[in-house]
**Student:** 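First the structure, which I've put down as structure tokens, then a few questions once you've had a look.
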Amino acid sequence: MAVEPVTLTSVKAAPNHGRMLRERLATILPQLVLAPSLFATLIYVFVFCGWTIWISLSNSSLLPDYSISGFHHYVELWSNRRWTIAYTNLFLFTSLYVIGATAIGLLLAILIDQRVRAEALWRTIYLYPLAVSFVVTGTVWRWLLSPSTGVERVVHQLGWASFKFDWLVQREMAIYTVVITGIWQASGFVMALFLAGLRSIDPDLVKAAQIDGASMPRIYRRIILPAIGPIFISVLVVLLQFAIKTFDLVIALTGGGPGIATTVPAIYVYDLMFQRGQMAEGAAAAIMILLALSLVLVPYTIWKNWRERREAARG
Amino acid sequence: MAEAAGYDPLGAAGTWRHQRAKLVVYTLLCLFALYYVLPLGVVILNSFRDLPDINRNGLIGLPHSFSLNYWSLAWDKFCVGGTCAGIEPFFFNSVSMVVPATIISTAVGAVNGYVLAKWRFTGSEVLFGLMTLGVFMPGQMVLLPWARVLGWLGLTNTTSGLVLIHCVQGLSFTTLFCRNYYVNIPDDLIKAARIDGAGFWRIFRKIVLPLSPPILIVTVIWQFTNIWNEFLFAVIFSSGTHQPITAALIALSAGGTSVHQYNVESAAVLIAALPPLLVYVFGGRYFLRGLTQGALK
């Protein structure tokens, strides 16, 4: 490469104020560029969060009132029958949803991992619910599960007149329709996560076990599943997050009903804040959702950092 | 497409058992496929059936009638909450919310990611950590503050208000995605460019941006599908004719005791689901990547 002549400008131009200013500006340009987003995000995360906490401690009802009233809205919340229903539903829904979606997702991943034909097609079919909104999912499943239009009707027409499948309109059973729909929506994603894990396993490991005469179910139990252990944790965390935030799915599927039978915390927050004008109690309920999420995410983050550090230490 | 594993799990047994195992695998796959496809198939079929047919034979059934009419009814004639202009205005509400919100949040996120990955300064890692907290924030925590802020800015019940909300909320995601992608660009590349006298923006334009398409596609798809499908903010911060399509769909299909026109409603549901579904079909790989990164951080 030709030696470049010393650029004239850099030698000739005497240092002047304008130029120094420009250089100063250039060195802090990255910070300047970042500043607006940083400002917005920090307000969003900390100011908004603090604001909601304050409201939860204040006398706000229909309108905000920032005089402090202490924790009595929390006490009120926890003694409220609707809140009891909401979190009982959440526990029930979450446990069945997590177990169901994990089991089906894992099964599908293992099935697809058997070197099946048209793998891309199967994956596309199982994953598409993820691209569809909860509103659409809930609406369509409401039609399918409704006894007058959906599955029950079909079975009746097939000749089994005494068949009953009316969970959607039964107080005791409606929450299980949310479970069915939720699993339909999420299990494809679980499948994708597990499949990625299965594909990362060293094939030689499995071959060696096969030569030793181990049966496939045994190999899965003893070798493959333990090797993808960390993925179980990721799946759990993802599903728990989905479950705790569940809102639109229930709105579209049951509207929280029949009555209030399928109310979940996110719906109750919405109700308190925007339908009943009990802002402070709504804020208190929102904070419960935040706490529930932190209970999942804080340990997960610590665990993830610990693992990363361990990996780094191993080189 | 991922290469199939180098072993054949079913090959462990003899041929007869092998055949039987194959049968079991494909049967199960088909059964599950039915469970997943059924809802979509039902709405597609119903969007072409006439009402007597649906009422007589139920929602789940093969069509005995066929008409394209219900799609056009759903699009611009059906009555939703008092106005009879179909789903079209709400569809375009969503478009005019999603497009700016996606473009702005992705562009700003890319620049943020570039700063946080390649122009680190004292404390920048901590700031990055704080910014990613936005990813975890449940919507319920910010509803009341947003209601206030939108009021102050005069953006109550406007599409611009929703754009603002989605931009601020999306920034954490887009910054996270881009930053984690850009840290893998070798520092030497940036250093060499700086020695050559290239500045902040020039390096971004000439080096970082040309390497960015994969992450920009992931980010755009993620933002697009999330904002399009979002419901909580949509239903709270908009009403009447300003609603995005998700909120309007609830008003349309869950509304009241009126007799359901399942064919028109099915078509409306499909129209609402179509944009993200198209994105999924054509960008499936990037869609999944965004999902994995977004869900697992």
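These numbers were taken from a predicted model, which means no experiment stands behind them.
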**Student:** Nearest 0.5 Å please: distance from the CG atom of A:Leu38 over to the CG atom of B:Leu130.
**Tutor:** 8.0 Å
**Student:** Return the orientation label for the B:Tyr26 and A:Trp122 ring planes: parallel under 30°, perpendicular over 60°, tilted otherwise.
**Tutor:**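 B:Tyr26 vs A:Trp122 ring planes: tilted.
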**Student:** Sort B:Val43 into side chain, backbone, both or neither according to what part of it lies under 4.5 angstrom from a heavy atom of chain A.
**Tutor:** side chain
**Student:** Below 4.5 Å from any heavy atom of chain B, which atoms of A:Phe247 appear? Answer side chain, backbone, both or neither.
**Tutor:**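 For A:Phe247, the contact with chain B is made by the side chain alone.
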**Student:** Using heavy-atom distances under 4.5 Å, tell me whether A:Leu293 contacts chain B through its side chain, its backbone, both, or neither.
**Tutor:** side chain
**Student:** Which value, rounded to the nearest 0.5 Å, describes the distance between B:Asn229 atom CG and A:Phe134 atom CZ?
**Tutor:**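 Going from CG on B:Asn229 over to CZ on A:Phe134, the span is 9.0 Å.
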**Student:** Which bit of B:Ser266 comes within less than 4.5 Å of chain A, counting heavy atoms only: side chain, backbone, both or neither?
**Tutor:**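 Both parts, backbone and side chain.
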**Student:** Taking atom CG of B:Leu29 and atom CZ of A:Arg117, what is their separation to the nearest 0.5 Å?
**Tutor:**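 One finds 13.5 Å between CG of B:Leu29 and CZ of A:Arg117.
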**Student:** For B:Leu171, which atoms come within 4.5 Å of any heavy atom of chain A: side chain, backbone, both, or neither?
**Tutor:** side chain
**Student:** Examine whether an atom of A:Tyr44 lies under 4.5 Å from a heavy atom of chain B, and if so say whether it belongs to the side chain, the backbone or both; otherwise answer neither.
**Tutor:** both
**Student:** Check A:Val45 against B:Met137 and note the closest heavy-atom contact, atom names and distance.
**Tutor:** O-CE, 3.2 Å
**Student:** Nearest 0.5 angstrom please: B:Leu143 CG to A:Phe48 CZ, how far?
**Tutor:**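 If I round to the nearest 0.5 Å, the distance is 10.5 Å.
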**Student:** Where does B:Cys30 contact chain A at under 4.5 Å (heavy atoms): side chain, backbone, both or neither?
**Tutor:**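 Both backbone and side chain of B:Cys30 come within 4.5 Å of chain A.
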**Student:** Is it the side chain or the backbone of A:Pro129 that comes within 4.5 Å of chain B heavy atoms, both, or neither?
**Tutor:** side chain
**Student:** Checking A:Leu272 against chain B: side chain, backbone, both or neither under 4.5 Å from a heavy atom?
**Tutor:** neither
**Student:** Under a 4.5 Å heavy-atom cut-off, does chain A meet the side chain of B:Leu288, its backbone, both or neither?
**Tutor:**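 Side chain of B:Leu288 only, per the 4.5 Å heavy-atom cut-off to chain A.
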**Student:** For chain B, which candidate among A:Ile55, A:Leu42, A:Leu108 shows the most heavy-atom pairs at distances under 4.5 Å?
**Tutor:**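 That would be A:Leu108.
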**Student:** Quick check on A:Ile180 against chain B: is it the side chain, the backbone, both or neither that has a heavy atom closer than 4.5 Å?
**Tutor:** both
**Student:** Based on non-hydrogen pairs under 4.5 Å, which of A:Ile110, A:Val33, A:Val269, A:Ile219 is most in contact with chain B?
**Tutor:** A:Val33
**Student:** Please classify the contact of B:Trp146 with chain A as side chain, backbone, both or neither, using a heavy-atom distance under 4.5 Å.
**Tutor:** both
**Student:** Could you tell me which portion of B:Thr246 (side chain, backbone, both or neither) has an atom closer than 4.5 angstrom to a non-hydrogen atom of chain A?
**Tutor:** both
**Student:** Which bit of A:Leu34 is near chain B, if near means a heavy-atom gap under 4.5 Å: side chain, backbone, both or neither?
**Tutor:**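 For A:Leu34, backbone and side chain are both near chain B.
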**Student:** Side chain from CB out, backbone as N, CA, C, O: work out which of these in B:Phe121 comes under 4.5 Å of a heavy atom of chain A, or both, or neither.
**Tutor:**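 For B:Phe121, the contact with chain A is made by the side chain alone.
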**Student:** As an exercise: rank A:Ile53, A:Leu195, A:Thr41 by heavy-atom pairs under 4.5 Å with chain B and give me the winner.
**Tutor:**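 Most pairs with chain B among the choices: A:Thr41.
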**Student:** For A:Cys49 versus B:Met141, what's the shortest heavy-atom pair and its separation?
**Tutor:** SG-CE, 3.5 Å
**Student:** For the CZ atom on A:Phe46, are there more than 12 heavy atoms of other groups (residues, nucleotides or ligands in this structure) within a distance under 6.0 Å?
**Tutor:** yes
**Student:** Chain B heavy atoms under 4.5 Å from A:Leu107: which part of the residue, side chain, backbone, both or neither?
**Tutor:** side chain
**Student:** Considering only heavy atoms, which portion of A:Val116 lies under 4.5 Å from any heavy atom of chain B: side chain, backbone, both, or neither?
**Tutor:**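 Both parts, backbone and side chain.
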**Student:** Does A:Trp54, at its CH2 atom, have more than 12 non-hydrogen atoms belonging to other residues, nucleotides or ligands within less than 6.0 Å?
**Tutor:**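 No - once you tally the heavy atoms of other residues, nucleotides and ligands closer than 6.0 Å, there are 12 at most.
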**Student:** Where does A:Ser187 contact chain B at under 4.5 Å (heavy atoms): side chain, backbone, both or neither?
**Tutor:** both
**Student:** Sort B:Phe287 into side chain, backbone, both or neither according to what part of it lies under 4.5 angstrom from a heavy atom of chain A.
**Tutor:** side chain
**Student:** Please classify the contact between A:Leu127 and chain B as side chain, backbone, both or neither, with a heavy-atom cut-off of under 4.5 Å.
**Tutor:** both
**Student:** So, for A:Ala131 and B:Pro276, which heavy atoms are closest and what is the spacing to 0.1 Å?
**Tutor:** O-CB, 3.2 Å
**Student:** Check the surroundings of atom CZ in B:Arg194: do more than 12 heavy atoms from other residues, nucleotides or ligands lie under 6.0 Å from it?
**Tutor:**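 Result for CZ/B:Arg194: open.
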**Student:** Please find the pair of heavy atoms, one from B:Phe136 and one from A:Lys245, that lie closest to each other, and give the distance.
**Tutor:** O-NZ, 4.2 Å
**Student:** Quick check for you: among A:Ala40, A:Ser133, A:Gly138, which has the greatest number of heavy-atom pairs under 4.5 Å with chain B?
**Tutor:** A:Ser133
**Student:** Using heavy-atom distances under 4.5 Å, tell me whether A:Ala266 contacts chain B through its side chain, its backbone, both, or neither.
**Tutor:** both
**Student:** Using non-hydrogen atoms only, which part of B:Leu116 is less than 4.5 Å away from chain A: side chain, backbone, both, or neither?
**Tutor:**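 Contact with chain A is through the side chain of B:Leu116 alone.
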**Student:** Do you know which of A:Ile289, A:Ile287, A:Val140, A:Leu111 has the most heavy-atom pairs under 4.5 Å to chain B?
**Tutor:** A:Leu111
**Student:** Which heavy-atom pair separates B:Ile60 from A:Val151 by the least distance, and what is that distance?
**Tutor:**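 In this case the closest contact between B:Ile60 and A:Val151 is CD1-N, 3.7 Å.
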**Student:** With a 4.5 Å cut-off on heavy-atom pairs, point out which of A:Ile112, A:Val47, A:Thr124, A:Ile244 contacts chain B the most.
**Tutor:** A:Thr124
**Student:** Mind checking whether A:Trp184 and B:Tyr36 have parallel, tilted or perpendicular rings, split at 30° and 60°?
**Tutor:**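 Ring orientation of A:Trp184 relative to B:Tyr36: parallel.
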**Student:** Given a strict heavy-atom distance threshold of 4.5 Å, which part of B:Val269 is in contact with chain A: side chain, backbone, both, or neither?
**Tutor:** both
**Student:** Of the non-hydrogen atoms in B:Asn112 and A:Ser37, which two are nearest, and what is the gap between them?
**Tutor:** ND2-OG, 3.0 Å
